Amino acid sequence: QVQLVESGGGLVQPGGSLRLSCAASGNILSINTMAWYRQAPGKQRELVADITSAGSTNYVDSVKGRFTISRDNAKNTVYLQMNSLKPEDTAVYYCNVAATFYSSAYYSGNYWGQGTQVTVSS
């Protein structure tokens, strides 16, 4: 089993910064790609950034130069450092991991965090 716990969301003024964290726990054998998605009201969920086990990163164009994704493999944790935040960044942010765990057999799949609200407003 794999559980993901997110933290770090909140209310911030335009131009401010937040750091999101997502910690994975359970009988995890391996974690491949880790990612952050977001979903604004009335819109579809979109991929914001991802990072492979080798450290290769990818960002949606709208956050390039402002957001940084990173991971700490020893802690099974992925982070999203968000700088120069804009009102259009307001959304619920979800982490996602591709992982394998063992529970009498091997299981692989994608797992989602519970979501954390980020609101950018004056």
Side-chain angles (χ1 to χ4, degrees):
Q1 59 183 339
V2 177
Q3 295 82 40
L4 305 179
V5 179
E6 300 182 29
S7 63
L11 174 64
V12 65
Q13 292 187 322
S17 297
L18 287 172
R19 189 181 75 159
L20 306 183
S21 299
C22 176
S25 63
N27 193 19
I28 299 170
L29 296 178
S30 63
I31 297 177
N32 193 3
T33 300
M34 308 182 80
W36 288 97
Y37 290 75
R38 67 185 180 188
Q39 188 166 23
K43 297 184 178 180
Q44 294 186 344
R45 189 172 299 184
E46 68 170 348
L47 176 66
V48 178
D50 60 41
I51 182 168
T52 69
S53 59
S56 179
T57 59
N58 175 64
Y59 300 91
V60 67
D61 286 344
S62 61
V63 309
K64 288 181 178 178
R66 300 189 298 119
F67 291 10
T68 302
I69 188 170
S70 62
R71 62 192 287 169
D72 185 336
N73 291 328
K75 297 180 179 180
N76 287 334
T77 299
V78 61
Y79 305 94
L80 186 68
Q81 178 66 47
M82 304 184 294
N83 298 325
S84 301
L85 283 162
K86 303 175 181 179
E88 48 264 47
D89 295 318
T90 296
V92 177
Y93 285 70
Y94 299 88
C95 67
N96 175 273
V97 303
T100 299
F101 71 95
Y102 183 82
S103 181
S104 74
Y106 294 102
Y107 297 92
S108 297
N110 278 270
Y111 303 90
W112 292 93
Q114 81 280 8
T116 185
Q117 178 71 49
V118 172
T119 301
V120 184
S121 176
S122 298

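This one's a predicted model, so the numbers in the text were calculated from it and none came from an experiment. Counting from 1, the numbers follow the sequence of the chain as shown.
A 4.5 Å side-chain heavy-atom check between Ile28 and Val2 finds at least one atom pair inside the cut-off. Side-chain contact between Thr90 and Arg38 is absent, with no heavy atoms from C-beta onward closer than 4.5 Å. Side chains of Tyr79 and Asp72 form a contact here, defined as non-hydrogen atoms less than 4.5 Å apart. Taking 4.5 Å as the limit, every side-chain heavy atom of Met82 sits out of range of all side-chain heavy atoms of Trp36. Residues Asn76 and Val97 fail the side-chain proximity criterion, which asks for heavy atoms closer than 4.5 Å.
Considering all non-hydrogen atoms of both residues, Ser70 and Val78 come closest at O-CG2, 3.3 Å.
Taking CG from Leu18 and OG1 from Thr119, the interatomic distance works out to 9.5 Å, rounded to the nearest 0.5 Å.
Ion pairing between a basic and an acidic side chain is recognised when a charged N comes within 4.0 Å of a carboxylate O; Lys64 and Asp61 show such pairing.
Counting non-hydrogen atoms of other residues, nucleotides and ligands closer than 6.0 Å to CD of Glu88 gives a total above 12. For Gln81, the CD atom sits in a packed shell: over 12 heavy atoms of surrounding residues, nucleotides or ligands are nearer than 6.0 Å.
At distances below 3.5 Å, not a single donor-acceptor pair connects side-chain atoms of Glu6 with backbone N or O atoms of Leu20. For the pair Asn27 (side chain) and Tyr102 (backbone), a donor-acceptor distance under 3.5 Å is present.
Taking the six-membered ring where the residue is Trp, Phe67 and Tyr93 present tilted rings, their angle falling between 30° and 60°.
Both Val118 and Val60 are part of a single hydrophobic cluster, where members link through side-chain heavy atoms under 4.5 Å apart. Residues Tyr111 and Tyr94 do not share a hydrophobic cluster, clusters being chains of Ile/Leu/Val/Met/Phe/Trp/Tyr side chains in contact below 4.5 Å.
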